[in-house]
S.K.: 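One structure follows; several queries about it will come next.
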Number of protein chains: 2
Amino acid sequence: MAVSNSSHARPAEDLREAMCPHRLVLEHVTSRWGVLVLLALLDRSYRFSELRRHVGRVSEKMLAQTLQTLERDGFVLRDAKPVIPPRVDYSLTPIGREAAERVRALAEWTGVRMEQVQEARAAYDEAREAKLKP
Amino acid sequence: MAVSNSSHARPAEDLREAMCPHRLVLEHVTSRWGVLVLLALLDRSYRFSELRRHVGRVSEKMLAQTLQTLERDGFVLRDAKPVIPPRVDYSLTPIGREAAERVRALAEWTGVRMEQVQEARAAYDEAREAKLKP
DNA sequence: CAGCATCCCTTTTGATACTG
DNA sequence: CAGTATCAAAAGGGATGCTG
């Protein structure tokens with residue numbers, strides 16, 4: 001039976017893992033919060049709450065999940081200092097930096113082309129509008 | 001009030017569109033089916049059903065939705081020939097090709113690093129295992 | 001053939017409360 | 001502080017039937 005090696009159940013991931021593993025890695029680094037986490041860590045390391053404030057509007061659950069996924073894939077290093085109160089620092093591994101840099105390239109490209117995208121959307125929407133009430 | 005210019009309702013997108021538009025473009029090109037469509041069209045143009053067979057395991061609903069999103073953003077060109085039975089060809093626009101090439105770079109990178117990711121996962125899972133039953 | 005509309009289930013995400 | 005557990009809401013996705 002399909003045994004997940006990870007602790008918490010993620011059936012959809014497990015199924016798709018079998019058929020196309022590297023597609024899943026791509027999804028991890030381009031996921032909604034994955035992108036933002038990688039870009040943040042490209043600058044410097046962050047503590048959990050600090051990262052949460054920096055990213056903004058992310059629940060602790062999703063941030064924790066995202067960080068765990070990226071850590072498991074070997075992109076993020078989790079450094080939990082044995083102090084009270086707890087202090088955990090997150091940073092990129094060398095391979096994580098490679099990933100983050102490529103994600104940044106893509107993200108920056110979208111920024112550069114944003115204006116053309118807006119124009120394309122306006123044109124598309126107008127063309128639709130025209131077709132509905134001529 | 002938040003009026004969607006697109007015909008069908010996508011409330012979450014509309015909300016997020018307002019605060020970070022280019023993040024959304026990134027999501028479109030890195031979406032589950034968006035990636036596969038862009039990579040396919042990087043080789044050549046495809047007809048709808050042809051593309052569906054090539055991508056595999058994608059419902060027509062999702063393929064149509066993906067293509068519309070990419071078309072609206074200006075990445076995909078939809079060429080509907082006025083013949084019976086209908087024939088519609090999809091291809092990349094110049095800006096769509098730019099997007100697709102960057103997505104391909106990221107996708108190929110994950111392929112190259114896949115082995116290291118697998119090792120990282122194995123190490124992570126083993127470390128967890130050890131902690132649970134020492 | 002190429003799609004749109006509808007219904008319905010699955011997966012993801014978020015809010016909240018709680019713990020070491 | 002740095003999470004985990006739980007539950008409810010939302011989005012994603014598929015099957016089917018219908019149209020030009």
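Naming convention: chains lettered A, B, ... in sequence-line order (proteins, then strands); numbering from 1 in each chain. Since the structure is predicted, the reported quantities are computational estimates derived from the model, not experimental observations.
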S.K.: With nearest nucleotides of DNA chain C determined for A:K61 and B:R53 from heavy-atom distances, which residue corresponds to the more 5′ nucleotide?
M.R.: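 In this pair, the answer is B:R53.
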
S.K.: Within 45° of the six-membered ring axis of A:Y46 and under 6.0 Å from that ring's centre, is NZ or CZ of A:R44 located there?
M.R.: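 Satisfied, under 6.0 Å and within 45°.
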
S.K.: Side-chain N or O of B:Q68 less than 4.0 angstrom from OP1 or OP2 on C:dC4?
M.R.: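 Indeed, a polar side-chain atom of B:Q68 lies that close.
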
S.K.: Would you mind reading off the distance between B:M62 atom CE and C:dA2 atom P, rounded to a whole angstrom?
M.R.: 19 Å

S.K.: Can you sort out which residues in residues 76-92 of chain A have a heavy atom within less than 4.0 Å of DNA chain C? Ascending by number, please.
M.R.: A:P86

S.K.: In terms of hydrophobic clustering (I, L, V, M, F, W, Y; side-chain heavy atoms under 4.5 Å; direct or indirect links), are B:L77 and B:L39 co-clustered?
M.R.: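 As far as the 4.5 Å side-chain criterion goes, B:L39 and B:L77 are not connected within one cluster.
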
S.K.: Compare the minimum distances between each of D:dG13, C:dG3, C:dA2 and the side chain of B:E60, then state the nucleotide with the smallest one.
M.R.: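 Of the options given, the side chain of B:E60 lies nearest C:dG3.
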
S.K.: Identify the heavy atoms of A:V76 and A:T93 that sit nearest to each other, and give their distance.
M.R.: C-CG2, 4.0 Å

S.K.: Within less than 4.0 Å of OP1 or OP2 of C:dA2, is there a side-chain N or O belonging to B:S49?
M.R.: yes

S.K.: Figure out the CZ/P separation between A:R128 and C:dG3, and round it to whole Å.
M.R.: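 Rounding to the nearest Å, CZ of A:R128 and P of C:dG3 are 11 Å apart.
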
S.K.: Rounded to whole angstrom units, what separation is found between the CD atom of A:E13 and the P atom of D:dG13?
M.R.: 13 Å

S.K.: Take the protein atom CG of A:L63 and the nucleotide atom C1' of C:dA15, then report the distance between them rounded to whole Å.
M.R.: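 After rounding, the reported distance stands at 16 Å.
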
S.K.: Nearest to the A:R32 side chain among D:dG3, C:dT13, C:dG3, which nucleotide is it?
M.R.: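 Nearest listed nucleotide: C:dT13.
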
S.K.: When clusters are formed by joining ILVMFWY residues with side-chain heavy atoms under 4.5 Å apart, either directly or through shared neighbours, do B:Y124 and A:V29 land in the same one?
M.R.: no

S.K.: Between C:dG14, D:dG13, C:dA2, which nucleotide gets closest to the side-chain atoms of B:W33?
M.R.: D:dG13

S.K.: Answer yes or no: are there more than 12 heavy-atom neighbours, outside B:E126 itself, under 6.0 Å from its atom CD?
M.R.: no

S.K.: Consider the side chain of B:A64, meaning its heavy atoms from C-beta on, and name the nucleotide among C:dT6, D:dT4, C:dC4 that approaches it most closely.
M.R.: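 Closest nucleotide to the B:A64 side chain: C:dC4.
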
S.K.: For B:R72 and A:D125, indicate whether the former's side chain and the latter's backbone hold a donor-acceptor pair under 3.5 Å.
M.R.: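 The answer is no, because no donor-acceptor pair under 3.5 Å joins these two groups.
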
S.K.: For B:E27 and D:dA11, give me the distance from atom CD to atom P, rounded to whole Å.
M.R.: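 After rounding, the gap between these two atoms is 12 Å.
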
S.K.: Atom CZ of B:R57 to atom P of D:dG14: distance rounded to whole Å?
M.R.: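 Rounded to the whole Å, the gap is 10 Å.
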
S.K.: Of A:V37, A:V25, A:T69, which is the lone residue that meets side-chain contact (heavy atoms from CB on, under 4.5 Å) with A:F75?
M.R.: A:V25

S.K.: Whole Å only: how far is the CZ atom of B:R16 from the C1' atom of D:dA10?
M.R.: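 Rounding to the nearest Å, CZ of B:R16 and C1' of D:dA10 are 12 Å apart.
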
S.K.: Whether A:Q65 contacts D:dT4 is assessed here as follows: a side-chain N or O lying under 4.0 Å from the phosphate OP1 or OP2. Is that the case?
M.R.: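 For A:Q65, the contact criterion (side-chain N or O under 4.0 Å from OP1 or OP2 of D:dT4) is not met.
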
S.K.: Side-chain N or O of A:R47 versus OP1/OP2 of D:dC1: is the shortest distance under 4.0 Å?
M.R.: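 For A:R47, the contact criterion (side-chain N or O under 4.0 Å from OP1 or OP2 of D:dC1) is not met.
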
S.K.: Take the protein atom CZ of A:R52 and the nucleotide atom P of C:dG14, then report the distance between them rounded to whole Å.
M.R.: 10 Å

